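What follows is a short report on a single structure.
Computed from a predicted structure; not experimentally measured. Heavy atoms only: backbone and side chains are in, while hydrogens, waters and symmetry mates are out.
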Amino acid sequence: MLVAMADFYLWLKALHVIAVISWMAGLFYLPRLFVYHADSESGGALSAQFKIMEYRLARYIMLPAALAAWAFGIATALSSNNLWMMPTWLIAKLIAVVALTGFHVLLVMHLREFSADRRVHGSRYFRMINEVPTVLLIVIVILVVVKPF
């Protein structure tokens with residue numbers, strides 16, 4: 001029985017990592033699409049193409065990957081038997097993941113603005129926020145691998 005539980009835990013962890021990689025790919029790519037969309041002519045053919053690309057990325061890749069990352073992450077934590085004595089590094093990781101989720105929500109808000117042909121921000125803004133997932137990814141990986149506290 002112990003071997004089966006260990007295998008189950010490893011499968012959960014593997015599925016969590018796969019989901020996180022997929023989610024991060026979208027979090028890196030969507031702001032880059034926004035950079036180009038912000039520079040395109042509102043109402044033009046290129047803008048229409050960006051709307052389709054952005055919607056499909058957010059709806060069919062990012063949302064399922066984010067939900068899977070959360071689900072497999074929670075399942076992994078629950079199966080570790082240490083949930084009641086969470087180490088500090090894990091608490092910090094969860095805070096960073098909540099921030100990453102907040103960034104995802106921000107991107108969805110920008111997606112809705114573009115869908116309605118509202119150009120609230122320019123391409124420079126999207127170039128700057130494109131760095132947010134990179135910083136959070138670095139923090140999360142260091143917390144998980146190094147476990148500094």
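For Val108, the side-chain contact (heavy atoms from CB on, under 4.5 Å) partners are His104, Arg112, not counting sequence neighbours. Partners of Val146 by side-chain contact (heavy atoms from CB on, under 4.5 Å), not counting sequence neighbours, listed by chain and number: Ile142, Pro148. Residues forming a side-chain contact (heavy atoms from CB on, under 4.5 Å) with Glu113 (at least two apart in sequence, or on another chain): His110, Arg118, Val120, His121. Val17 is linked by a side-chain contact (heavy atoms from CB on, under 4.5 Å) to Ile21, counting only residues two or more places apart in sequence or in another chain. Tyr29 is linked by a ring pair (Phe, Tyr, Trp, His ring centres under 6.0 Å) to nothing, counting only residues two or more places apart in sequence or in another chain. Partners of Phe72 by ring pair (Phe, Tyr, Trp, His ring centres under 6.0 Å), not counting sequence neighbours: none found.
The minimum heavy-atom distance between Ile61 and Ser22, with the atom names listed, is CG2-O, 4.2 Å. Residues Trp89 and Leu143 come closest through the heavy atom pair CE3-O, 3.4 Å. Listed here is the closest heavy atom pair of Gly122 and Ala38: C-CB, 3.9 Å.
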For residues 91-103, which side-chain N or O atoms pair as donor and acceptor with protein atoms under 3.5 Å away, sequence neighbours left out?
| residue | atom | partner | partner atom | Å |
| --- | --- | --- | --- | --- |
| Thr101 | OG1 | Trp70 | NE1 | 2.9 |
| Thr101 | OG1 | Val97 | O | 2.9 |

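Looking at heavy atoms from C-beta onward, Asn130 lies out of side-chain contact with Phe34 at the 4.5 angstrom threshold.
Annotation: the span from Ile129 atom CD1 to Leu27 atom CG amounts to 10.5 Å, rounded to 0.5 Å. The structure places OG1 of Thr134 at 6.5 Å from CE of Met24, a figure rounded to the nearest 0.5 Å. The CE atom of Met62 lies 5.5 Å from the CG atom of Leu57; values are rounded to the nearest 0.5 Å. Put simply, CG on Leu10 and OG on Ser79 are 9.5 Å apart, with the number rounded to the nearest 0.5 Å. How far OH of Tyr9 is from CG of Leu78: 11.5 Å, rounded to the nearest 0.5 Å.
Aromatic ring centres of Phe114 and Phe50: separated by at least 6.0 Å.
The same ILVMFWY cluster, assembled from side-chain heavy atoms under 4.5 Å apart, contains both Phe8 and Leu15. Hydrophobic clustering (ILVMFWY, side-chain heavy atoms < 4.5 Å, transitive): Phe28 and Met128 are in distinct clusters. Under the 4.5 Å side-chain heavy-atom criterion for grouping Ile, Leu, Val, Met, Phe, Trp and Tyr, Leu136 is connected to Val141 within one hydrophobic cluster. Under a hydrophobic-cluster definition in which Ile, Leu, Val, Met, Phe, Trp and Tyr are linked whenever side-chain heavy atoms come within less than 4.5 Å, directly or via other members, Leu106 and Phe126 are assigned to the same cluster. One hydrophobic cluster, built from ILVMFWY side chains closer than 4.5 Å, holds both Ile74 and Ile140.
Evaluation of the side chain to side chain donor-acceptor pair (under 3.5 Å) test over residues 39-48, restricted to residues two or more places apart or in two chains, returns His37-Ser47, Asp39-Ser123, Ser47-Arg119. Residue pairs meeting the salt bridge (Lys or Arg N to Asp or Glu O under 4.0 Å) criterion with at least one partner in residues 43-69, sequence neighbours excluded, are Lys51-Asp117. The salt bridge (Lys or Arg N to Asp or Glu O under 4.0 Å) pairs that include a residue from residues 121-145 number zero, where partners must be two or more places apart or lie in different chains.
Cluster partners of Tyr55, using a side-chain heavy-atom cutoff of under 4.5 Å among ILVMFWY residues and allowing indirect links, are Tyr60.
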